[in-house]
Trainee: 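There's a structure below that I have some questions on.
In each ligand, atom 1 is the first atom listed, and ligand 1 is the first ligand listed.
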Amino acid sequence: MNLVPTRVQLNRPLPPLTYLAPEGLPAGVRVRVKVRNSLAVGLVMGPEPIPPAAKLRPIEAVLDPFPLLPPKLRELQAFAARYYGCLEAHLLPLSLPQAMLPHWEACQARKSGEADEAAQPLSFHRDRGAWQVLADLGEAWHREPSILPTLLHRAIRRGAGFTEVRLTGVPHPPRVTSAHAKVLLALEEAGGALMEPELLAAAGVGTSVLGTLEKRGLIARMKRVDLLAQRREAGTDRTVILNAEQRTALDAVALGDFGVHLLQGVTGSGKTEVYLALAERVLAAGRRVLWLVPEIGLTTSLLDRLEARFPGRVAVGHAGLNVGEKHGDVVRLLFNGPDLFVGVRNAVMAPLRDIGLIVVDEEQEGSYKSEEHPRINARDLAIKRAQLEGCPVVLGSATPSLESWYAAQCGRYQLLQLKQRPAGITLPTVEIVDLRDAYRQLRRKVIFAPPLLQALTETVARGEQSLLLLNRRGYENFWMCRACGKTLGCPHCAISLTYHRGDFRLRCHLCGHETAPPEACPECGADHLRGVGEGTEQVEEHLRQLFPAARILRLDRDTTRRRGSLEAGLLAAETGEVDILVGTQMLAKGHNFPRLTLVGVINADQGLKVADFRAGERTFQLLTQVAGRAGRADLPGRVILQTYSPDHPAINFALAQDFEGFAASELPFREGLGYPPYTALSLYRAEADTPQEARDALEAFRQRLTVPSLKVLGPLEAAVPRVRDQWRMHLLLKGSRGALGEVLARHPLDPTDLISLDRDPGQFG
Ligand code: ADP
Ligand code: ZN
């Protein structure tokens, strides 16, 4: 075998290392290599044209029968690594489950073991099951490609432990055996669900215990592969005949060619039917569909529709899937299993081959942008991926991001609009309640101003549903001492602690620090502590006092921590088991509550106070979204926005539900201040133990900058200057994409540096 210098990327913040590997070893296979004196897994990046002078070590073993990532995806990762200033190694976890990744610690831990490493196909104890499935399939495939589908089917059925055990929510009986208690506790701790082998290991019990619990209805066992099969029964496909606008949109998308299309239409205008019709054409042509959604919790009804339309051809991937599920899906993906893959942000890097269409639903959603390293934007990468794959990408929204809207205005994206009101839905009437008037009248601050209270009372009396939005969880926003003015803050972050009455805690919403509320002010000792600013928990309490007979459901991050509880709550609301829904923005999106006729926004300008040039845009989007929840043809909807700034354009255009008007008023402001979409932004973030260190690092970086035609702002304190004991400063660069890319090329960041880069930042906190 001819050994040649080959670049190998480890999953570490280091550039690739060079090893000797068999000639022709395809890029993308994993290999085991020695680093210093321990073993590590790495990914082959390709031959090294300029090998270092030092003596090279040969690799220890080749781990994969074929490259795990399709070539187009590797191109996308190379692009993303350059664009976002990270290593390709940082992007691998987005494409493969953790267990299949080059992993450093796992190998180091094993190095002391006496076992013969080379004899083992994979050096990770936890994941051998999934790996073995993959390796067996790969080998069989190489021997005999035609038997792959059979093998694959069998492997997924057998599932290497893909049975999931869930708590059913049946109330805990007063007495259970200790073995039962262990199982229930283990499930509870894991958030309600675990894969069977993990559960048995965690509880230290045998399978028979599960059988008994299942019979008593306390747990349910489900084969992962059956999850979608069960949906299939639930969803029935209504074949719809597309209307003229939908057909125009459908025909405007040239399959087989790269093109970006912006499909704009209010919720319910039939965008999904257009995606479905496009997907049908693509699948019929034998290519695949990548379908991105902002949040998986919102997709249940979409999954029903997809599975009904394309039975057995759909796979789902998202961060909430557990290890076994991910393996199942990835194994399928790697072997060209599903034809349509639905997922959230990271799915843009799913190892799907031969893509013929990419859908980005609700393209304006902030969740497409990662707020952790690597800070990718999945919507933007979806466009890049479509370009590499030579296929169309469809961005859909009722309220597109101003970036996409502007691109469509300039003709870079093709604008497709669905303007017809869908049958069965009427525009709700939207009213504004000026909270300043309410204050003048009542001489105190109220949560529900009289018009909202009256509307609530009437709606409850009519037996219809109301939804109240307040984008702040907890009981009181913070505690303050009336004697000395001190607010109780987090000791680790520069924000105040939020009071949660349910479990009597003061809690930091950034780092999770929590403490029992003190009796007296820790500063001055006075017992004048008082809570300021209401949260959803308090709104719920008021509602219970005002409407003791009403069925009230609160949905926010506190009440939906348990897996499946959000879905359960939404289902209860959909089926009319709830009279008043109260919650945060998770209620604003994509749900269909047939009996909902009143939407109340407790404080519409809450989001406007944020120091962020997108504050207006986000507020407009949220208000429009939540307003869209109210009313059907037979039950006209009413929306009440309580506000202190009734003249703000974001509120005014939301009142008129006029996206184009809002865009036209907002864009000149962006242009004037030099913000996207007129310039691109790179945010250099520094974090350090002291503010001075953070500032100095950025100042030094700024001094070094040699790229002309940039506007540089800062160093400035971040909106929250300290989080988890780290001080945070910002340096904001404005310029063209090209210039900002040039900065990155000329001044690459050292991963060990205090500074990290956030390109096209979504948040400035
Ligand atoms: P959107 O994705 O814009 O929110 P959907 O595609 O989900 O809209 O459509 C909303 C509802 O209207 C769905 O129940 C859908 O089946 C139905 N619908 C959409 N287009 C048509 C049509 N041309 N004929 C009949 N029903 C339609
Ligand atoms: Zn904190």
Trainee: Could you name the option among E362, R305, R247, Q420 that has the heavy atom nearest to atom 7 (O) of ligand 1?
Mentor: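 Going through E362, R305, R247, Q420 one by one, R305 has the nearest heavy atom to atom 7 (O) of ligand 1.
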Trainee: How many angstroms lie between atom CD of E617 and atom OG1 of T399, to the nearest 0.5 angstrom?
Mentor: 8.0 Å
Trainee: What do we get for T272 next to ligand 1 when only non-hydrogen atoms under 4.0 Å count, side chain, backbone, both or neither?
Mentor: both
Trainee: With a cut-off of 4.0 Å, which atoms of ligand 1 are near a heavy atom of L242?
Mentor: 23 (N)
Trainee: Does ligand 1 have any atom sitting under 4.0 Å from a heavy atom of S269?
Mentor: yes
Trainee: What are the atoms of ligand 1, with element, lying closer than 4.0 Å to any heavy atom of G270?
Mentor: 1 (P), 3 (O), 5 (P), 6 (O), 8 (O), 9 (O), 19 (C)
Trainee: Under the criterion salt bridge (charged side-chain N to carboxylate O under 4.0 Å, His left out), which of E362, E365, E363 is the partner of R379?
Mentor: E363
Trainee: Do T690 and E693 have side-chain atoms, one donor and one acceptor, less than 3.5 Å apart?
Mentor: yes
Trainee: What residues form a salt bridge (Lys or Arg N to Asp or Glu O under 4.0 Å) with E574, not counting sequence neighbours?
Mentor: none
Trainee: Quick one: are Q264 and W405 in side-chain contact, heavy atoms under 4.5 Å?
Mentor: yes
Trainee: Counting only heavy atoms closer than 4.0 Å, does ligand 1 sit against the backbone of L418, its side chain, both, or neither?
Mentor: neither
Trainee: I need the atoms of ligand 1 closer than 4.0 Å to a non-hydrogen atom of T267, numbered in the order shown.
Mentor: 4 (O)
Trainee: Partners of D612 by salt bridge (Lys or Arg N to Asp or Glu O under 4.0 Å), sequence neighbours excluded?
Mentor: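 Per chain and number, D612 pairs via salt bridge (Lys or Arg N to Asp or Glu O under 4.0 Å) with R618.
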Trainee: Between V532 and N477, is there a side-chain heavy-atom distance shorter than 4.5 Å?
Mentor: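 No, their side chains stay 4.5 Å or more apart.
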Trainee: Just go through A277, G268, G628 and tell me whose heavy atom is the nearest to atom 12 (O) of ligand 1.
Mentor: G268
Trainee: List every atom of ligand 1 that sits less than 4.0 Å from any heavy atom of N243, numbering the atoms from 1 in the order shown and giving each element.
Mentor: 23 (N)
Trainee: Is V266 near ligand 1, meaning one of its heavy atoms is under 4.0 Å from it?
Mentor: yes
Trainee: List-wise, which protein N, O or S atoms are found short of 2.8 Å from the Zn ion (ligand 2)?
Mentor: C490 SG, C493 SG, C508 SG, C511 SG
Trainee: In chain order, what residues pass the side-chain contact (heavy atoms from CB on, under 4.5 Å) check against H509, with sequence neighbours excluded?
Mentor: R473, T498, H500
Trainee: List ligand 1 atoms under 4.0 Å from I241, heavy atoms only on the residue side.
Mentor: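 Result: 22 (C), 23 (N), 24 (N).
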Trainee: Are Q420 and S269 linked by a side-chain donor-acceptor pair shorter than 3.5 Å?
Mentor: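 Distance-only check fails for Q420 and S269.
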Trainee: Answer yes or no: is there a side-chain heavy-atom contact under 4.5 Å between E660 and Q417?
Mentor: yes
Trainee: Kindly compute the distance separating CZ (R345) from CG (N377), expressed to the nearest 0.5 Å.
Mentor: 9.5 Å
